[in-house]
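Below, chain A is the first sequence line, B the second, and so on; all start at residue 1.
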Amino acid sequence: MQKKTTPDANPADSALVRLLLVDDEAALRDPLATYLERQGFAVAQAGNAAEARNQVENEAFDLVLLDIMMPGEDGLSLCRHLSETRAMPVILLTARGEATDRIVGLEIGADDYVVKPFEPRELVARIRSVLRRANKSPGDGATDEVFQFEGWRLDPLKRRLTDPEGAVVAISSAEFRLLMAFLENPRRVLDRDRLLDMVQGREAHLFDRAVDNQVSRLRRKIEVDSRNPQLIQTVWGGGYMLAADVRRVATQADGAA
Amino acid sequence: MTLPRGLARLWPRRLGTQMMLVMALALLMAQAVSALLLWRAEMERQHDITSHQIAFRLVASAHLPMRAEPGGPQPDHPDAGWGHGGPPPPSLLHPGALPMLGPVPENFDHGPLARPQAAFAPIPGDIEVPSAEKAIRAILAEQAVPVAAFHIYRRDPAHDPDFQRRLATRNAIYHGHPFPRPDHVLVAALQVAPNGPWLVTHVGVPPNDPRLLATLIGQTLLIYVVLVAAMALIVRRISRPLAALTGRVNRFGAQGFAARDVVGQIQPAGPQDLRLLIEAHNAMERRIIALLDEKDVMLGAIGHDLKTPLTTLRVRIESVEDADERRRMAHTIDDIARSLDDMLSLARVGRPSDPIEVTELLSLVSSVVEEFEDLGAPVEMGDSGRVALPLRPTWLRRALRNLIGNAVRYGDSARVSVTREEIPATGRGVPQRWAVIRIDDVGPGIAAGDIDRMMEPFTRGEPSRNSETGGAGLGLTLARAIAEQHGGTLVLANRGDGPSGLTATLRLPIP
């Protein structure tokens, strides 16, 4: 039942993946590029935003790794440019860990971010996760719609879940993707394998644990009584089902984006 | 200034009322003194008038030829040898003639003069008045009237036959129209020559004018009203900008220096002294904000400049062949990064840049607990309830990570619960509601005397364990600072008497 994903086990499937690494620190850029190349990626480097703009003009990259703090034009501004002009996934590299970067980074079109100093393996896992999502359903997790169910509201763009009283409910990335899977298939039974497949994300190692564990965590956050769940129901022999009607509301019309 | 308790309670606290009260008291005292002086001057004037009146009559009577006072019988001196018609009787001082004045015209009315009497004796109830006697004797001496004997008595008008006679005359003339009744009558008797006749005069002394007091009170009130109005204007000019400044200082302080601009600064107003104070305060605010901005820039630079080489190092150790060695190097780098994070956070905790959001606390705590679960740490959730309150999620997560991390590290395992607590209103206070996060471990706890010290920066638990745990010893300091950033508290306490574990209680106010 458990699927193990080993991020850097088979470099072969990344052979064609082209990355652009943008960071003003050559001391970091060089060893990181070397490391990523050893993981099977093709890596181009840029030392500043202008250089990066040039490179994306001439070449199509599968993903851009972007340092936020750079002299001259900073990473956020470049990220906005990239997300507006090309459909290139972006992972931000940031030295700051405060929430502003998080929200701003995701709102301006970054697909993910890592906080320095990051573990190189973690970075690779995230690169694969972003690529997988980008390939599977373009725009997944970045739609303009918000989901509403039983008074709850999920804004996929900001990954923000609010309860019927309007309070923000903290959910992890795995729980977010699990919830998205349910919201996209309301009142349909989803078996464990299907859920695992839909949900596998950057924290793939978390899914060493059973899907059941993630479901129970999600229940703890959105059920009134997690021992007697109403929203996410267990279907005997089958899996789980979201027992709620889901409305998709365009954020423009909603006005609260 | 210390006052007795009863008085202290009455003493107003605000500048305006204090000034009004002090001014009223001062004015009252000044008016009382001036009223006393006025009253004394008035009394003296009254005495002078009376003395001069008496002296005038005596002197005039001594100089003028003897004649009867016009009108009315004179029962108390039937033997006085003077009357109308015939040659004027000789004066007491100049028998035979009045060389300067010539004969007194027939119709000349000398007014009420002193009447000569053969004998004079006070009646019972008469009181001697030495002050008047002294004053009149002085005048008589000045006027060269010889004094053989002189007496002056104060007498009740009801017992004075002269006054009663005049009263009757007046009543006859004015047909009972009331005329002011004197307070008392002064009876003066002068004997010019020894064994000569007595010149006796009766003078009514009017009562003290009651209007004097009313005038004084009215005057005081009028001055007070005018002064209070003027003072109120001044006080307003002072106290309004002062109140505005106080409010601003409070708000600026309450922001915990989180202010990022000078929005809401007050405009200098009021007297020059206050304007200068407000301008100085505004300048100070700007300097504080500039200083904090500078600090933020510096911290950002430190963070960036140290984290980038750390990242480089972290990438480079991936090429180390020995997996065990690589693991240890990675661990060290993680320790440095964590300490750096704690230090930067502690420096920024008073000036967070991320917004406050209404957040469901149980989900937040659960997600932190789950992070530990995923790492295989023995952490579990206890009985908890949902509670939503405004908070800064990133900061609170950091505090929880530090507290749960400590519990796991020093206390072997952690049990975390989220509950609601209501403290009913006591006295004037409003009821307080708290969200309470409890983190219980089953470790040895902390020696009671060390609990406070543990909250200090760069303090760590048992030294023997430190080699494995690392960290800069900022975890608890930061957790407490974050609790305070949210207006809450963090309390560490041993459970029970023995070493049955430590409880960290993080309380956050629910508005």
Closest approach of Glu73(A) to Ala49(A) (non-hydrogen atoms, all atoms of both residues): OE1-CB, 3.4 Å
Side chain, backbone, both or neither of Asp67(A) within contact of chain B (heavy atoms, under 4.5 Å): side chain
Working for salt bridge (charged side-chain N to carboxylate O under 4.0 Å, His left out), residues Asp341(B) and Lys307(B): CA-CA 10 Å; Asp341(B) 261 351; Lys307(B) 281 177 180 177; 2.9 Å; yes
Donor-acceptor contact present, side-chain Ser384(B) to main-chain Gly382(B), <3.5 Å: yes
Pairs of heavy atoms under 4.5 Å with chain B: top-ranked of Val169(A), Val224(A), Leu32(A): Val169(A)
Contact origin within Ile222(A) toward chain B - heavy atom pairs under 4.5 Å: backbone
Engaged part of Glu25(A) at the chain B interface, taking heavy atoms whose separation is under 4.5 Å: side chain
Minimum heavy-atom distance Glu51(A)-Ala46(A), with the two atoms named: OE1-CA, 3.4 Å
Salt bridge (Lys or Arg N to Asp or Glu O under 4.0 Å) partners of Glu318(B), counting only residues at least two apart: Arg121(A), Arg314(B)
Taking every non-hydrogen atom, the tightest pair across Gly405(B) and Phe372(B): N-CZ, 3.6 Å
Minimum-distance pair of heavy atoms, taken over all atoms of Lys221(A) and Ile171(A): CD-CG2, 4.1 Å
Residue-level interface, residues 362-371 of chain B with chain A, non-hydrogen cut-off under 4.5 Å: Ser363(B), Leu364(B), Ser366(B), Ser367(B), Glu370(B)
Flag side-chain contact, heavy atom, 4.5 Å: Leu123(A) against Leu65(A): yes
